[in-house]
Amino acid sequence: MKLSSAKVSKESKGASPSHGGHHKNSLHLKHRSHHSILPLPPVDALEQWSSVTVDMYNSNNNNHNQQQQPQTSHTSTSRSSDYSAGGDGEPSGTGNKWASRLLKECARAISDKDSSKIHHLLWMLNELASPYGDCDQKLASYFLQALFCKATESGQRCFKTLTSVAEKSHSFDSARKLILKFQEVSPWTTFGHVAANGAILEALDGEPKLHIIDISNTLCTQWPTLLEALATRNDDTPHLKLTVVVTANIVRSVMKEISQRMEKFARLMGVPFEFNVISGLNHIGELTKEALGVLEDEAVAVNCIGALRRVDVGERAALIQMFRSLGPKVVTVVEEEADFSSTRHDFVKCFEECLRFYTLYFEMLDECFTATSNEKLMLERECSRSIVRVLACDNDQDKEGECERRERGSQWSERLKEVFSPVRFSDDVADDVKALLKRYKAGWALAQAHQNETGLYLTWKEEAVVWVSAWKP
Amino acid sequence: MKGGFEVVYSTPDIIETHHEPIWEFPYVGLPPTILNSESNELFELVSDLMPKKTAPRSIFDGRDDELRNQSNNVDSEQGLSSMTLLMECAAAVSINNLGEAHRMLLELTQMASAHSLSCAERVIAYFAMAMSSRVINSWLGLCSPLIDHKMVHAAFQAFNNVSPFIKFAHFTSNQAIFEAFHRRHRVHIVDLDVMQGLQWPALFHILATRAEGPPLVTMTGLGSSMEILVETGKQLSNFAKRLRISFEFHPIAKKFGEIDITAIRLRRGETLAVHWLQHSLYDATGPDRNTLRHIEQLAPTIVTLVEQDVSINGGSFSDRFVNSLHYYSAIFDSLGAYLPADDPNRHCIEHSLLYREINNVLAVRGPARSGDEKFKQWRSELARNRYLQMVPMSSNSMAQAQLILNMFSPDYGYSLVRDDGTLGLGWKDTCLFTASAWTTTLNGSRLYEN
């Protein structure tokens with residue numbers, strides 16, 4: 001289905017670009033006749049609006065600029081010289097958080113169906129955005145992409161295209177390189193691994209036959225340390241069966257290579273090992289006890305890394321019940337700390353939460369990687385796909401491909417508490433995590449959950465970003 | 001059309017009469033067949049450019065070797081398919097098939113990276129970005145550029161530091177101006193786009209050390225931001241003061257083609273030099289006809305012009321696309337030969353200077369979008385003009401250019417060319433900048449003086 005048949009729906013006045021309306025305009029514009037698009041604002045309004053937004057942008061910058069800039073805003077509202085319109089109103093690249101302001105304004109304008117404002121903001125964002133610039137420029141670029149998809153109702157198509165391109169250019173080498181580099185410069189993923197491994201080892205201590213069900217896209221980077229720990233246990237080395245559940249096509253294609261390596265590593269460690277991959281699922285919600293091949297005499301651990309959020313919101317309870325039916329000794333859950341779930345029917349709230357989270361994430365990436373890192377670029381592009389997914393794809397069409405509706409630790413806890421009870425992480429595990437964080441640049445810390453909450457949080461600049469928890473029946 | 005904003009449309013009435021709709025060729029109410037013939041030309045061009053199965057044919061007739069040689073770690077199959085996709089995007093954009101273009105650009109922008117080890121891939125990444133920008137502003141119906149002058153100036157300085165092109169422009173022009181100022185005691189320089197005035201301290205220096213002593217210097221600097229002009233004026237004044245040169249600076253925050261010529265305060269007896277270093281970042285001077293007329297009216301003793309050797313004025317999107325692709329590939333190659341892939345200066349230049357030009361060329365320029373009335377090539381136009389005649393670049397200018405090149409290892413591919421009185425600097429086979437000088441003929445005379 002070609003995008004040319006995607007419609008930009010605009011009513012004759014104050015159109016909402018996001019939902020169906022009476023007058024549909026094909027994106028395949030043949031010519032701009034004045035009656036087919038919105039009522040066009042007169043030139044004065046355009047400049048005035050631009051100067052207002054640029055003023056706002058600049059006044060933001062003036063506070064943070066290290067260059068000498070006069071305090072009076074240089075977007076003159078009195079346009080004595082025609083030329084000053086383009087010149088003085090220039091945005092400075094060293095400004096702080098201009099993207100956040102413009103993007104939020106735009107989201108509100110979309111929600112208010114203020115079409116002229118929408119157009120002006122999209123124009124500004126389009127001019128200022130760049131996926132290769134600073135943090136603001138990147139955020140502007142990727143969120144603009146999502147807003148544009150939303151406005152042209154092409155979100156689903158866009159997501160599919162982005163995903164399929166990513167899959168095509170994906171290889172075992174590139175995936176491995178990416179994950180390893182990320183783990184080298186940031187504890188974002190290793191935090192969860194260390195804590196979860198600690199809880200799993202403690203829960204399965206003394207068991208001779210272990211079955212770990214790993215629902216994640218971590219390419220098994222979590223398991224070598226666990227295998228090593230099993231190999232160096234005081235008692236007899238247990239038999240480990242590892243069942244990996246993958247849904248992302250990207251990961252599917254490389255699992256063969258991964259399984260060979262895992263088997264080799266286990267042999268090296270002297271751990272009796274069996275490796276299975278389950279990949280026939282469209283999404284995790286389809287997982288069943290039968291498919292997992294759990295045997296009576298096995299001690300089961302279920303390990304979910306960024307997995308629960310990929311399940312359709314309505315199916316999450318059922319999945320957790322299914323876990324319970326496996327009779328596991330422990331269930332470990334790692335999720336990113338953001339809420340795109342409870343806000344999913346409120347575009348502006350969801351947008352703002354999305355922006356908050358990804359701003360944090362992008363800033364973190366910027367600090368951990370070098371400026372021209374291709375790995376960082378790949379991670380940012382992965383985010384851009386999620387952003388399109390969350391903001392520009394209709395809620396009810398989550399059947400195809402994966403959901404990305406994150407929930408906060410406290411929300412997941414509510415769900416898990418229905419069926420499981422929380423397991424406290426031991427002091428040993430907390431020490432392991434702290435030791436891990438010491439290996440990275442400053443800014444990372446471990447935070448314990450508050451009274452009524454469970455689990456541990458990884459914090460970046462004092463913001464909670466990743467949550468890990470352990471549960472038992 | 002107001003100042004820095006080149007608005008494509010304003011009120012509905014104006015659309016009908018003055019502005020062509022966002023087609024790449026003037027709308028003359030012709031039936032769709034005209035559309036098709038334009039697109040057929042482009043598709044033929046694209047299929048000619050597509051690599052054949054037997055021998056991967058060179059794009060740009062054998063001048064792409066540097067493109068392919070730069071593909072160090074890029075899978076050459078992927079490289080060729082990105083290029084193919086790029087050309088297909090351009091084809092879609094040229095016939096305004098925005099939906100198809102958007103779809104392909106989604107793919108292409110994900111395939112290419114501006115941080116790649118391959119120069120060709122960087123070029124593709126930026127061209128894809130520019131076209132994406134264009135798709136969006138086409139859809140919005142707004143193609144008014146927002147320029148971050150501070151970023152641009154910083155990138156321009158970085159470019160000046162690592163590449164000889166800007167210095168070439170400065171030093172050859174300064175030499176021509178210096179020669180024209182021989183034995184003159186009052187001089188006036190009009191710089192049509194002075195930016196930060198990087199060029200002028202060097203000229204002040206050679207003027208200060210003249211046998212007959214320095215002249216009294218007045219400079220009129222044009223630019224888009226009064227704030228920046230005033231700052232530039234201050235810097236230049238300070239510099240002149242240190243060299244004990246009497247110096248006056250007049251800022252004009254307008255485009256040269258749009259001013260009233262009396263805004264330039266010429267005094268009787270002043271020897272006038274008009275200087276213009278052209279770039280594609282934004283429209284610095286307004287309609288070319290007016291600019292030329294103003295120059296004629298000023299009847300300067302010397303006009304120094306440095307042009308980019310890329311044909312991006314007028315004509316169709318596809319012409320601009322193919323020409324600029326070749327042009328910027330050469331510049332990217334020259335940077336890639338000199339700087340490592342992760343060099344922050346290189347990134348600054350590519351991202352904040354070259355990309356801004358590419359974006360301007362593809363997403364903003366073109367007669368149908370910005371109402372540009374630009375000459376194809378200034379020096380051809382000047383050659384035809386009866387009030388002006390060429391002053392061949394002297395051997396001293398050539399020597400200046402050679403001196404600059406000597407700062408760069410001779411192993412690198414810069415090529416200096418002297419051709420018919422002009423001086424050109426390029427990368428390997430591609431001439432990128434050409435400097436020329438002109439003077440008022442006896443037919444011309446200054447039409448006014450203060």
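So that the names make sense, note that chain A is the first sequence line, chain B the second, and so on, each numbered from 1.
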If you define the side chain from C-beta out and look only at heavy atoms, does anything of B/I136 sit under 4.5 Å from A/L144?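 Of all side-chain heavy-atom pairs linking A/L144 with B/I136, at least one is under 4.5 Å.
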*asked:* What I'd like to find out is whether the side chain of A/Q145 reaches to under 4.5 Å of the side chain of B/L106, using heavy atoms alone.
replied: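 Contact flag for A/Q145/B/L106 side chains = yes.
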Quiz item: What closest approach, in Å, do A/S130 and B/M129 show between heavy atoms, and which atom pair accounts for it?
Solution: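 Heavy atoms of A/S130 and B/M129 come nearest at OG-CE, 3.4 Å.
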Nearest heavy-atom neighbours spanning A/S373 and B/H115 =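 Heavy atoms only, the tightest pair is O-CD2, 4.3 Å.
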Could you tell me which of A/V165, A/L122, A/N126 has the largest number of non-hydrogen atom pairs under 4.5 Å with chain B?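 The residue among A/V165, A/L122, A/N126 with the greatest pair count is A/N126.
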Among A/A166, A/A371, A/A129, A/C158, who wins on heavy-atom pairs under 4.5 Å with chain B?
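Top count of heavy-atom pairs under 4.5 Å with chain B: A/C158.
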Return the [atom1] to [atom2] distance between [X] and [Y], rounded to the nearest 0.5 Å.
{"X": "B/S352", "Y": "A/Q137", "atom1": "OG", "atom2": "CD", "value": "7.0 Å"}
{"X": "B/M111", "Y": "A/K168", "atom1": "CE", "atom2": "NZ", "value": "7.0 Å"}
{"X": "A/S154", "Y": "B/R103", "atom1": "OG", "atom2": "CZ", "value": "12.5 Å"}
{"X": "B/N359", "Y": "A/E127", "atom1": "CG", "atom2": "CD", "value": "6.5 Å"}

- prompt: What about the rings of A/F148 and B/H102, do their centers lie closer together than 6.0 Å?
  reply: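 Between B/H102 and A/F148, which both carry aromatic rings, the centre distance is below 6.0 Å.
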Verify whether the ring centers belonging to A/Y132 and B/Y126 lie closer than 6.0 Å.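 Yes, the ring of A/Y132 comes within the 6.0 Å limit of the ring of B/Y126, centre to centre.
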Please look at B/R356 and chain A and tell me whether the side chain, the backbone, both or neither of the residue comes under 4.5 angstrom of a heavy atom of that chain.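 The side chain, not the backbone.
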task: Using non-hydrogen atoms and a 4.5 Å limit, figure out which bit of B/T109 sits close to chain A: side chain, backbone, both or neither.
output: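 When you check distances to chain A, only backbone atoms of B/T109 fall under 4.5 Å.
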Give a yes or no on whether the backbone of A/L162 and the side-chain of B/Q110 come within a donor-acceptor separation of less than 3.5 Å.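 No, because the side chain of B/Q110 does not come within donor-acceptor range (under 3.5 Å) of the backbone of A/L162.
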Pair A/L128, B/L146 - check side-chain contact (heavy atoms from CB on, under 4.5 Å), show working.
CA-CA 7 Å; A/L128 302 172; B/L146 258 184; 3.9 Å; yes
Tabulate, in ascending numerical order, the residues of residues 374-383 of chain A having at least one heavy atom closer than 4.5 Å to a heavy atom of chain B, or enter 'none'.
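Contacts with chain B: A/N374, A/L377, A/R381.
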